[in-house]
Amino acid sequence: MESKKAFAVAFSLQILSLVSSLDRSQFPPHFLFGTATSSFQIEGAYLEGNKGLSNWDVFSHIYGHINDGSNADIADDHYHRYLEDIELMHSLGVNAYRFSISWSRILPRGRFGDVNPVGVAFYNSLIDALVSKGIQPFVTLNHFDVPHELEVRYGAWLSPEIKKDFAYFAEVCFREFGDRVKFWTTFNEPNLMIKFGYIIGRYPPGRCSKPFGNCGLGNSSLEPYIVAHNILLSHAITVGIYRSKYQAKQGGSIGIVISTIWYEPLTNTTADHLAAQRARSFENAWFLDPLFFGDYPSEMREILASSLPTFTSEEKKLLQNKLDFIGINHYMALYVKDCMFSSCALDGYNGNALVFATGERNGIPIGEQTGMPRAYVVPDGIEKAVTYMKQRYNNTPMYITENGYAQQINSSITVNKLIDDVERAKYIHDYLASLSSAIREGADVRGYFVWSLMDNFEWLFGYTLRFGLHYVDFKTQERIPKLSARWYKNFLEGSNLRTNWDFNLQEDSSTY
Ligand SMILES: *[C@@H]1O[C@H](CO)[C@@H](O)[C@H](O)[C@H]1NC(C)=O
Ligand SMILES: *[C@@H]1O[C@H](CO)[C@@H](O)[C@H](O)[C@H]1NC(C)=O
Ligand SMILES: *[C@@H]1O[C@H](CO)[C@@H](O)[C@H](O)[C@H]1NC(C)=O
């Protein structure tokens, strides 16, 4: 069994290496290659070390919110195992690690209570251990989780009050960690968080209205734009603070991370081409245009009219040029059909742009289906997304802050099958090849992070979607490198894929 399996793995890797000329040397010399995680998804220890409750702690504890009925109280127990996890990264040979700071661990009650020294000490230890291994910390300040107290006091992102809290939190982090952290991002995927939290109501605070969802509270065509407005201003204020008080001394840079699906027109009509442009504007330019040019894209103003808040002239000045780099999370591509000139069903994710997005054209999927709903493998999408950003934003430096492949688990899938993840290795290989082509054409891309270092708590999906380069047995917390981890390590070492390969896969056919 062992040798047959090893042979199969060796064979798939040979195919990968034979069809490929992908090599680390095709990327710029100081390119960051890393893995990514977020605090809520891996840390666990949800009430340890004086941590306060976050909105996600409270939300995930309510029955029915998480598909498998699970929560992240323990997750990967990373809070206690961070040194072991840094060893995993060190063994991969990455030179950067993207992680987020739990706001409620640093400020259990937001600005209405004290800074928690235990939380600060945890991130100091994590950062010191990374730096000692030559791994650059690449820090996200907000990856969906907010102190629950801020939700209760004033509705968190729905209130302009949040600007004071976010800037206060960010400044604590710059002060405490900025001597060693050279890469900051304010927000992770605010565009996606808003769609899930305020349009379809499946993320906290679970607000929405018909036809996009049935939540009881909320307004899917109004609140998303209020929330985005407050997030954009929070970002701009925070970057202002970093630039005026910390950047010169600490020498870092600061950006934001946007979820970027690549939208292709479903048909070759002008209407569908315009629809694809609109879908990109409503998803990416919604956040990026204000931070470069000081206002929302015109397509949004035309459709949303007075539901889209306006910036005062001072706010426009505050917003302009507030990014040192763009963080791009990219997984997938979809087709887009126009719903402005012809009627069609509006889905919650894209409906406000008057488009309908689908993974199929004439019954043929846009790419191979992964374990995540609507996520298809379309490697060219990353080149197109990066080129779009390059053209629209004057080739501002970019980092691919997430890219990865989901495995969906079920009762019959074996641990071995999950570890033998040829599909993921091939996915990363193909996306890196497409990215390198964008770089050859001049795109200023400076880093790439695989989502994720290890299997973890995947929001709504609980533990049923696995994105890790490392398999995690959530009963024992054992981490096992998957084939993709071995592939990534080999790629980073720059060695020939057909040699130096350790086929020490575990012969364990127990089911998940
Ligand atoms: C949402 O807000 C808009 C604009 O104020 C309003 O016209 C609409 O009736 C509201 N919808 C709901 C469900 O409250
Ligand atoms: C789409 O239409 C344009 C302009 O009419 C044409 O040049 C192009 O070849 C068409 N593309 C496809 C894939 O049909
Ligand atoms: C379980 O997942 C595997 C791999 O994705 C798939 O081939 C199989 O059909 C699934 N089985 C069930 C019972 O859903």
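Remember, predicted model here, so these are calculated numbers, not experimental data. Every number for a ligand or one of its atoms is a count from 1 in the order of the listing. What you see below is based on every heavy atom in this structure, not just the backbone, and it leaves out hydrogens, waters and symmetry mates.
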For this session: Kindly confirm or rule out an N or O of S209 lying under 3.5 angstrom from an N or O of ligand 1.
Result: no
For this session: Answer yes or no for atom 9 (O) of ligand 1: protein heavy atom present at a distance under 4.0 Å?
Result: no
Exercise. Any side-chain donor-acceptor pair under 3.5 Å between D421 and Y405?
Worked result: no
For this session: Mark whether atom 14 (O) of ligand 3 lies under 4.0 angstrom from at least one protein heavy atom.
Result: yes
Exercise. With a cut-off of 4.0 Å, which atoms of ligand 1 are near a heavy atom of L222?
Worked result: 2 (O), 5 (O)
Problem set entry | Parallel, tilted or perpendicular: ring planes of Y393 versus F292, cut at 30 and 60 degrees | parallel
For this session: May I ask you to check whether T401 and N329 show a side-chain donor-acceptor distance below 3.5 Å?
Result: yes
Seminar exercise, completed: I413 heavy atoms within 4.0 Å reach ligand 3 at atoms 4 (C)
For this session: Identify whether NZ of Lys or CZ of Arg in K337 sits under 6.0 Å from the centre of the six-membered ring of F356 and within 45° of that ring's axis.
Result: no
Exercise. In terms of residue, atom name and distance, what is the protein heavy atom nearest to atom 11 (N) of ligand 1?
Worked result: N219 ND2, 2.9 Å
Exercise. Any idea which protein heavy atom is nearest atom 2 (O) of ligand 2, and the distance to it?
Worked result: N268 ND2, 2.4 Å
Seminar exercise, completed: Under 4.0 Å from one or more heavy atoms of N410, ligand 3 contributes atoms 1 (C), 2 (O), 3 (C), 8 (C), 10 (C), 11 (N), 12 (C), 14 (O)
Exercise. Ignoring hydrogens and geometry, is there a side-chain-to-backbone donor-acceptor pair from S159 to G155 under 3.5 Å?
Worked result: no
Exercise. Taking everything shown except I74 itself, do over 12 heavy atoms lie less than 6.0 Å from its CD1?
Worked result: no
For this session: Assign the ring pair F40 / F457 to parallel, tilted or perpendicular, where the plane angle (0 to 90°) is split at 30° and 60°.
Result: perpendicular
For this session: Could you tell me whether atom 5 (O) of ligand 2 has at least one protein heavy atom nearer than 4.0 Å?
Result: no
